[in-house]
Participant: 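One structure, as structure tokens, below. Some questions next.
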Amino acid sequence: MKWSEIYIPTLREDPAEAEIDSHKLLVRAGYIRKLAAGIYNYLPLMQRVLLKITNIVREEMNNAGAQEILMPVLHPAELWQASGRWEIMGKEQMRMKDRNQRDLVLGGTHEEVITTFLKGEIRSYRQLPLNLYQIQVKFRDEIRPRFGLLRAREFYMKDAYSFDTDEESFKISYQKMLNAYKRVFDRCGLDTKMVESDTGAMGGKAAHEFIVLVDTASGESVVFSCDSCSYAATVEKAISLEEKISDDHEKEKPLNKVSTPNLKTVVEITNFLNVSPKKLVKTLLYKADNQIIAALIRGDQELNEVKLKNLIGAKNLEMADAATVEKITGAKVGFSGPIGLKNLKIIADLQIAKLKNAVTGANENDFHLTDVNFKRDFKADQIADIRNVVSGETCPHCKKGKLTSSYGIEVGNTFMLGTKYSESLGAKFLDRDGNEKPFVMGSYGIGITRTAQAAVEKFNDDKGIIWPNVITPFSIVITPTDWNNDKIKSKALEIYEHLIERNVATLLDDRDERPGVKFNDADLIGIPLRVTLGPKNLEKNQVEIQIRKTKETIHVPPAEAVSKCLQLLENL
RNA sequence: CGGGGUGUGGCUCAGCCUGGUAGAGCGCUUGCUUUGGGAGCAAGAUGUCGGAGGUUCAAAUCCUCUCACCCCGACCA
């Protein structure tokens with residue numbers, strides 16, 4: 001392709017809309033343009049990258065025995081009502097009515113559709129296992145679209161769905177997908193970590209995510225991993241061995257009420273009373289569906305809403321507002337405590353049960369209680385792990401390694417769905433013994449557009465993007481420093497033709513621009529190899545090959561340029 | 001949804017506080033010079049100042065409403 005024949009609108013300045021490097025670069029380098037919040041146009045360079053990624057995904061999925069199909073983007077509401085997800089998905093699910101006032105859903109995932117489709121088709125165990133996938137636009141009305149393609153509302157995704165006769169067979173199918181995923185991301189040049197994750201709105205038994213670790217907060221997931229074994233999990237899911245706390249054996253002192261005028265925060269109170277935040281019981285009121293509950297957590301720790309939500313089996317969980325808190329506890333926010341709370345469920349974190357002589361709110365304005373003791377002074381309906389793991393805690397698997405946290409970009413996920421959808425939608429088959437059974441299902445996603453941006457986030461420098469050769473829009477850019485110089489021009493064209501003949505994706509910068517502009521653009525759009533033809537080198541019968549990643553330059557005679565490039569590309 | 005912020009030429013922004021008929025840099029067009037890391041000179045084109053209403057002799061500027069976008073939070077296959 002000649003540069004003059006492909007639309008690459010590079011920008012000199014960072015776009016105002018972007019916050020993180022990969023987003024800035026994709027816009028600056030002419031890969032994407034925003035249409036609306038979280039909705040993007042993919043320009044020619046981007047489309048080439050997306051095609052490369054989808055081809056890799058396609059190959060690996062096909063190799064794993066999955067078959068490509070294409071399903072509708074618009075779904076009738078009835079499917080989602082039948083599975084029970086009409087209520088669960090919430091506002092993230094884009095909904096609309098057609099001209100006849102029928103409710104429709106813009107598909108953010110396709111469990112309902114595929115299960116309903118196969119329900120009428122697969123009748124015998126002989127037809128299983130089956131794995132179908134598609135690569136398609138998805139729409140999710142994200143509360144807060146952010147970071148360009150990393151959290152867009154409209155995005156490209158590969159979603160696969162497996163159907164098996166039983167758990168045993170399913171395990172094989174699931175493992176095949178895990179292997180395929182590893183290969184996909186390896187081929188894309190991305191190091192991924194497979195972590196245990198929450199099943200969220202997908203439901204099912206268990207789930208994994210494939211995460212690209214990044215050092216900036218641009219990764220929207222936080223993952224914990226063990227430094228001595230392979231355990232890793234998202235913050236929503238991670239657990240640790242309960243750490244022993246030092247005052248475990250303190251003698252219980254008599255309960256006290258102290259005046260704490262206007263002291264509401266953990267820091268204010270613990271400073272005032274001169275105790276560690278570890279000794280404070282935070283009492284958080286939540287609205288779980290239509291019921292108010294209290295969650296108790298140590299002052300220095302964070303509540304994990306996902307764990308809490310899963311524990312009590314709530315569909316919706318949100319913090320109670322200030323008015324509700326006052327109504328329930330009889331005191332302002334900041335003075336809540338478990339003692340004296342009536343008619344509501346109290347759930348305490350495991351760590352709370354171990355505290356001796358703790359501090360809590362008195363459920364009375366400007367007062368706290370000290371030397372509060374679990375069992376003696378208050379009880380809990382449930383005691384469970386409902387907190388976030390903290391860096392440095394001990395691994396629950398090997399029981400000796402330390403857990404450390406890092407940011408990550410989730411590029412793929414896999415869900416063990418069990419029979420959740422096949423049962424709710426009545427998708428059954430006849431087994432060997434003639435019994436009707438629901439399919440055992442799995443679902444598997446890869447964010448195509450997100451993977452592309454994850455690669456940019458991972459591979460860039462102050463000049464621009466540095467694509468791995470496997471997913472770059474072009475492998476080589478030929479840069480004649482002076483397009484009006486006939487000798488340079490004909491040599492450049494000659495090398496270009498030869499590379500094209502060998503099927504190398506090559507971009508020829510035939511613009512009448514100054515060399516500096518061409519070099520900067522080439523660096524910005526991230527092409528792995530640049531072949532530069534300038535008058536001085538050409539007089540010495542040389543062209544220059546520069547490796548984008550290392551800035552290393554190699555001089556070779558023009559006749560050897562093609563073979564040298566091919567050789568270099570092997571390792572990029 | 002709560003809090004904060006921004007909308008001015010294709011892009012990045014100044015001007016707004018203190019009202020007086022719209023600017024810079026980049027980009028774009030033409031010409032000449034220049035040609036290995038975002039060139040120089042000269043000449044030019046481009047804006048209903050997000051939208052609606054109001055105050056005023058006069059509104060980019062003040063007021064009200066509204067829309068869009070960005071950031072923080074809540075949320076997240």
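Computed over heavy atoms, backbone and side chain alike; hydrogens, waters and symmetry mates excluded. Lettering follows sequence order; numbering is per chain, from 1.
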Participant: Would you indicate whether the side-chain heavy atoms of A:Thr449 and A:Gln453 approach each other to under 4.5 Å?
Facilitator: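 Not in contact.
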Participant: With a 4.5 Å cut-off on side-chain heavy atoms, are A:Ser443 and A:Tyr421 touching?
Facilitator: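 No; the side chains remain at least 4.5 Å from each other.
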Participant: Please state the P separation for the pair B:A52 and B:A59 - nearest whole angstrom.
Facilitator: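 That atom pair is separated by 14 Å.
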Participant: Can you sort out which residues in residues 540-556 of chain A have a heavy atom within less than 4.0 Å of RNA chain B? Ascending by number, please.
Facilitator: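 Correct list: A:Glu544, A:Gln546.
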Participant: Who does B:C41 pair with, Watson-Crick or G-U, both distances under 3.5 Å?
Facilitator: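 B:G31 - that is the nucleotide pairing with B:C41, both distances being under 3.5 Å.
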Participant: Grab the CG-P distance between A:Asn520 and B:G37 for me, whole Å please.
Facilitator: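 Interatomic distance, CG of A:Asn520 to P of B:G37: 10 Å.
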Participant: Heavy atoms only, 4.0 Å cut-off, all strands: where does A:Asp521 land among base, sugar-phosphate and nothing?
Facilitator: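 Touches a base.
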Participant: Looking at A:Arg144, I'd like to know whether one of its side-chain N or O atoms comes within less than 4.0 Å of OP1 or OP2 on B:A74.
Facilitator: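 False: A:Arg144 side-chain N/O out of range (4.0 Å or more) of B:A74 OP1/OP2.
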Participant: Between B:C76, B:C69, B:G36, which nucleotide has the shortest distance from any of its atoms to the side chain of A:Ala36?
Facilitator: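 Comparing B:C76, B:C69, B:G36 against the side chain of A:Ala36, the answer is B:C69.
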Participant: Going by the ring-ring contact (aromatic ring centres under 6.0 Å, His included) test, which pairs reach into residues 521-548 of chain A, not counting sequence neighbours?
Facilitator: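 Every pair satisfying ring-ring contact (aromatic ring centres under 6.0 Å, His included) with a residue in residues 521-548 of chain A: there are none.
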Participant: Sequence neighbours left out, what passes side chain to side chain contact (heavy atoms under 4.5 Å, CB included) with A:Glu302? Give chain and number order.
Facilitator: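 Partners of A:Glu302 by the side chain to side chain contact (heavy atoms under 4.5 Å, CB included) criterion, ordered by chain and then number, come out as A:Asn388.
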Participant: Once you round it to whole Å, what is the distance between P of B:A39 and CZ of A:Phe519?
Facilitator: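 Whole-Å distance recorded here is 12 Å.
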Participant: Could A:Lys549 and A:Asp461 be called an ion pair, given the rule that one side-chain N must be under 4.0 Å from one carboxylate O?
Facilitator: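 No, this pair does not count.
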Participant: Which whole number of Å gives the distance between the P atom of B:G44 and that of B:G37?
Facilitator: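 The answer is 32 Å between these two P atoms.
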Participant: Contact class for A:Lys463 vs. all strands (heavy atom < 4.0 Å): base, sugar-phosphate, or nothing?
Facilitator: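 Base contact.
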Participant: Sort out the partner of B:C62 for me: Watson-Crick or G-U wobble, both distances under 3.5 Å, none otherwise.
Facilitator: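 Matched B:C62 with B:G54 under the 3.5 Å cut-off.
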Participant: Using the salt bridge (Lys or Arg N to Asp or Glu O under 4.0 Å) criterion, which residues pair with A:Asp385? Sequence neighbours excluded.
Facilitator: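 Checked A:Asp385 against salt bridge (Lys or Arg N to Asp or Glu O under 4.0 Å); matches are A:Lys307.
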Participant: Tell me the interatomic distance from A:Lys34, atom NZ, to B:U6, atom C1', rounded to whole angstroms.
Facilitator: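 For the pair A:Lys34 NZ and B:U6 C1', the rounded distance is 12 Å.
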Participant: Between A:Lys138 and A:Arg511, just flag the one whose closest nucleotide in RNA chain B comes earlier from the 5' side.
Facilitator: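 Going by which nucleotide is closer to the 5' end, it is A:Arg511.
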Participant: Within the 4.0 Å heavy-atom criterion, would you say A:Gly108 contacts the bases, only the backbone, or no part of the nucleic acid?
Facilitator: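 Touches nothing.
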Participant: Applying the Watson-Crick and G-U wobble criteria at under 3.5 Å, what pairs with B:U6? Answer none if nothing qualifies.
Facilitator: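 Its partner is B:A68 (Watson-Crick or G-U wobble, both distances under 3.5 Å).
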Participant: If you measure from the P atom in B:A24 to the same atom in B:G2, how many Å do you get, rounded?
Facilitator: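 Rounded to whole Å, the distance is 41 Å.
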Participant: So A:Arg33, base contact, sugar-phosphate only, or nothing? Heavy-atom distance under 4.0 Å.
Facilitator: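 Nothing: the residue A:Arg33, judged by heavy atoms under 4.0 Å, touches no strand.
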Participant: A:Ala152 or A:Pro535: which one's nearest nucleotide on RNA chain B is closer to the 5' end?
Facilitator: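 Nearest nucleotide further toward 5': that of A:Pro535.
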Participant: Under the ring pair (Phe, Tyr, Trp, His ring centres under 6.0 Å) test, which residues partner A:Tyr181, sequence neighbours left out?
Facilitator: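 A:Tyr181 satisfies ring pair (Phe, Tyr, Trp, His ring centres under 6.0 Å) with A:Phe210 only.
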Participant: Counting side-chain heavy atoms from CB outward, which of B:G38, B:C76, B:G36 is closest to A:Leu524?
Facilitator: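 Closest nucleotide to the A:Leu524 side chain: B:G38.
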Participant: Rounded to whole Å, please give me the gap between CD in A:Glu302 and C1' in B:A74.
Facilitator: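 In whole Å, B:A74 C1' lies 13 Å from A:Glu302 CD.
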Participant: Let me have the donor-acceptor pairs involving side chains of residues 71-84 of chain A, under 3.5 Å, with sequence neighbours excluded, atom names and distances please.
Facilitator:
from    : atom 1 : to       : atom 2 : distance (Å)
A:His75 : ND1    : A:Trp80  : NE1    : 3.3
A:His75 : NE2    : A:Pro72  : O      : 3.1
A:His75 : NE2    : A:His110 : NE2    : 3.1
A:Ser83 : OG     : A:Trp80  : O      : 3.3
A:Ser83 : OG     : A:Arg85  : N      : 3.3
A:Ser83 : OG     : A:Glu112 : OE2    : 2.6

Participant: Rounded off to whole Å, could you give me the CZ-to-C1' distance for the A:Arg151 and B:C72 pair?
Facilitator: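 After rounding, the gap between these two atoms is 13 Å.
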Participant: Under 4.0 Å between any heavy atoms, over every strand shown, what does A:Met157 touch: base, sugar-phosphate, or nothing? Just pick one.
Facilitator: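 Base contact.
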Participant: Looking only at heavy atoms, which two atoms of A:Thr329 and A:Ser336 are closest? And how far apart?
Facilitator: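 Answer, listing the atom of A:Thr329 first, then A:Ser336: CG2-OG, 3.8 Å.
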Participant: Who does B:C17 pair with, Watson-Crick or G-U, both distances under 3.5 Å?
Facilitator: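 Looking at the geometry, B:C17 pairs with no nucleotide.
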Participant: B:G36 base to A:Asp482 side chain: any donor-acceptor pair below 3.5 Å?
Facilitator: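 Absent.
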Participant: Taking only N/O atoms, report every protein-nucleotides 32-34 of chain B pair under 3.5 Å with atom names and distance.
Facilitator:
from  : atom 1 : to       : atom 2 : distance (Å)
B:U34 : O2     : A:Arg514 : NH1    : 2.6

Participant: B:C1, OP1 or OP2 - any side-chain N/O from A:Lys91 closer than 4.0 Å?
Facilitator: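 Checking B:C1 against A:Lys91, no side-chain N or O comes under 4.0 Å of OP1 or OP2.
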Participant: Starting at CG of A:Asn304 and ending at P of B:C76, how long is that distance when rounded to a whole Å?
Facilitator: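 Distance check: A:Asn304 CG to B:C76 P gives 10 Å.
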Participant: Measure the distance from CD on A:Glu513 to P on B:G27 and round it to the nearest whole Å.
Facilitator: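 Going from A:Glu513 (CD) to B:G27 (P), I get 9 Å.
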Participant: Answer yes or no: is there a side-chain heavy-atom contact under 4.5 Å between A:Glu68 and A:Met61?
Facilitator: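 No - every pair of side-chain heavy atoms lies 4.5 Å or more apart.
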Participant: Without decimals, in angstroms, what is the distance between A:Met89 CE and B:C76 P?
Facilitator: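 So the CE-P distance, A:Met89 to B:C76, works out to 11 Å.
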Participant: Would you check if A:Tyr444 and A:Leu178 make a side-chain contact, meaning some heavy-atom pair closer than 4.5 Å?
Facilitator: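 With C-beta onward as the side chain, the pair stays apart.
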Participant: Using the side chain to side chain contact (heavy atoms under 4.5 Å, CB included) criterion, which residues pair with A:Arg95? Sequence neighbours excluded.
Facilitator: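 Applying side chain to side chain contact (heavy atoms under 4.5 Å, CB included) to A:Arg95 gives A:Trp86, A:Gln93, A:Val105.
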Participant: According to salt bridge (Lys or Arg N to Asp or Glu O under 4.0 Å), who are the partners of A:Asp141, at least two apart in sequence or on a separate chain?
Facilitator: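 In terms of salt bridge (Lys or Arg N to Asp or Glu O under 4.0 Å), with neighbours along the sequence ignored, A:Asp141 is linked to A:Arg153.
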Participant: Please measure how far the C1' atom in B:C57 lies from the corresponding atom in B:A45, and state the result in whole Å.
Facilitator: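 Between the two C1' atoms, the distance is 34 Å.
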Participant: Under 4.0 Å, heavy atoms only, any strand: does A:Thr532 hit a base, just the sugar-phosphate, or nothing?
Facilitator: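 Contact class for A:Thr532: base.
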Participant: Can a donor-acceptor pair under 3.5 Å be found between the side-chain atoms of A:Arg28 and the base atoms of B:G38?
Facilitator: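 Donor-acceptor pair under 3.5 Å: yes.
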Participant: NA contact type, A:Arg153, heavy-atom cut-off 4.0 Å: base, sugar-phosphate, or nothing?
Facilitator: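 Here A:Arg153 touches no strand at all.
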Participant: Using distance only, find each side-chain donor-acceptor pair of residues 9-18 of chain A under 3.5 Å and give its atom names and separation, not counting sequence neighbours.
Facilitator:
from    : atom 1 : to       : atom 2 : distance (Å)
A:Thr10 : OG1    : A:Asp521 : OD1    : 3.0

Participant: Heavy atoms only, 4.0 Å cut-off, all strands: where does A:Asn537 land among base, sugar-phosphate and nothing?
Facilitator: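 Contact class for A:Asn537: base.
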Participant: What pairs of donor and acceptor atoms, side-chain ones from residues 532-545 of chain A against any protein atom, are under 3.5 angstrom apart with sequence neighbours left out?
Facilitator:
from     : atom 1 : to       : atom 2 : distance (Å)
A:Thr532 : OG1    : A:Arg530 : NE     : 2.9

Participant: Could you encode protein contacts along nucleotides 10-16 of chain B as a string, one character per nucleotide from 5' to 3', using B for base contact, S for sugar-phosphate-only contact and - for no contact, with a heavy-atom cut-off of under 4.0 Å?
Facilitator: -BSS---
Participant: Contact class for A:Thr481 vs. all strands (heavy atom < 4.0 Å): base, sugar-phosphate, or nothing?
Facilitator: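 Base contact - A:Thr481 has a heavy atom under 4.0 Å of at least one base atom.
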Participant: How would you label the contact of A:Phe139 with the nucleic acid (heavy atoms, under 4.0 Å): base, sugar-phosphate, or nothing?
Facilitator: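 Contact class for A:Phe139: none.
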Participant: For the P atoms, the ones on B:G20 and on B:G27, what distance do you get once it is rounded to whole angstrom?
Facilitator: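 To the nearest whole Å, 32 Å.
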Participant: Taking only side-chain nitrogens and oxygens of A:Arg12, does any of them come within less than 4.0 Å of OP1 or OP2 of B:G27?
Facilitator: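 For B:G27, OP1/OP2 do have a side-chain N/O of A:Arg12 under 4.0 Å.
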Participant: Considering only B:G36, B:G38, B:C76, which nucleotide approaches the side chain of A:Thr10 most closely?
Facilitator: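 Closest nucleotide to the A:Thr10 side chain: B:G38.
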